Participant: 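Dumping the structure here so I can ask a few things about it.
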Amino acid sequence: SNDHFNWEDYLRETGSLSAPPHCFRQSKNPPSNDFKIGMKLEAHDPRNVTSVCIATVIGITGARLRLRLDGSDNKNDFWRLVDSSDIQQIGTCEKKGDMLQPPLGFRMNASSWPMFLLRTLNGAEMAPAAIFRKEPPKPPENYFKVGMKLEAVDKKNPYLICPATIGDVKGDEVFITFDGWRGAFDYWCKYDSRDIFPVGWCRLTGDALQPPGNNISITKSILNTPSSPPKAIRRSMQSAQKSPVPAQRGRKLGESRSPGPVTAP
Ligand code: MLZ
């Protein structure tokens, strides 16, 4: 599905290096994903992390699961790796002497939670223990360096994994900048975040890696330049014309930002 994007060419064209795998809290070989749609499991409520709730797998994408908390709405889905410590088999919570909680924004009256829980688990297909994978250990320190390329979850669109660059490093944190998006989706995270992956991750998991954005402004000055733009920029311009999506992206960003100088993607 990556017809328009190839890391090898891109690294060469941008003269950049990829972050080595030992930088990441990810397994060297991505874990196999043996979950099936409809399976239920326990998950920490992302909006209330001290609560453990029942979740249903409503989608599978590479080594990740699209999850929805039972009793919640369809506007708060979240994605977790099969080796995330945020998910566990049903029964784990009770074994620890804890109680399963209704999700934040439970659709019904709180008093109906115990009955809801019984009904949602009755006859449910529970994800078997064997398909949960152990979370890999943290790298001992932050090995990332500014300029290294990687694949990262777009936190505003968490179903998307996109080409990114380390923009800054500060203690245990890294600044994730998305190539071709002029800062609109950038964020700081811990170096051991489960949302960042080495180059090639999506190819291995079969997940769709998004192409870089096309948001390099084509100002008059560059269009008037007699010499043709660098290869990477030309390619972005081409993909902007071919792909149906980038036109919409460009418009969205264009609304909030005025054109700036041309920068490499
Ligand atoms: N629908 C969004 C997708 C942007 C994805 C950017 N990822 C870094 C848009 O077109 O704005």
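Ligands are counted one by one from 1 in listed order, and the atoms in each one are counted from 1 as well. Please read these numbers as outputs of a predicted model, since none were measured by experiment. Computation of the quantities below employed the complete heavy-atom set of this structure, encompassing side-chain atoms and omitting hydrogens, waters and symmetry-equivalent molecules.
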Participant: Any idea which atoms of ligand 1 are less than 4.0 Å away from a heavy-atom of F178?
Facilitator: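 By the 4.0 Å cutoff, the relevant atoms are 8 (C).
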
Participant: For ligand 1, which is the ligand I care about here, please tell me if N157 has any N or O atom under 3.5 Å from one of the ligand's N or O atoms.
Facilitator: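 No; every N/O pair is 3.5 Å or more apart.
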
Participant: Is the side chain of K156 donor-acceptor paired with the backbone N or O of A184 at a distance under 3.5 Å, no angle test?
Facilitator: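 Looks like yes, one N/O pair under 3.5 Å.
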
Participant: Checking the side chain of D192 only, and the main-chain atoms of P139 only, is there a donor and an acceptor separated by less than 3.5 Å?
Facilitator: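 Here the side-chain-to-backbone pair does not exist.
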
Participant: Would you mind listing which atoms of ligand 1 come within a distance below 4.0 Å of any non-hydrogen atom of C162?
Facilitator: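 Answer, ordered by atom number: 7 (N), 8 (C).
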
Participant: Which of the atoms in ligand 1, numbered in the order shown and given with their element, are less than 4.0 Å from a heavy-atom of L160?
Facilitator: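 Answer for ligand 1: 5 (C).
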
Participant: What pairs with N142 under side-chain contact (heavy atoms from CB on, under 4.5 Å), at least two apart in sequence or on another chain?
Facilitator: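 Partners of N142 by the side-chain contact (heavy atoms from CB on, under 4.5 Å) criterion, ordered by chain and then number, come out as F144, V169, V174, Y191.
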
Participant: Only counting residues at least two apart or in another chain, list the ones meeting side-chain contact (heavy atoms from CB on, under 4.5 Å) with E42.
Facilitator: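 With neighbours one apart ignored, the set is V52, I54, Q88, I90, T92, C93, L100.
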
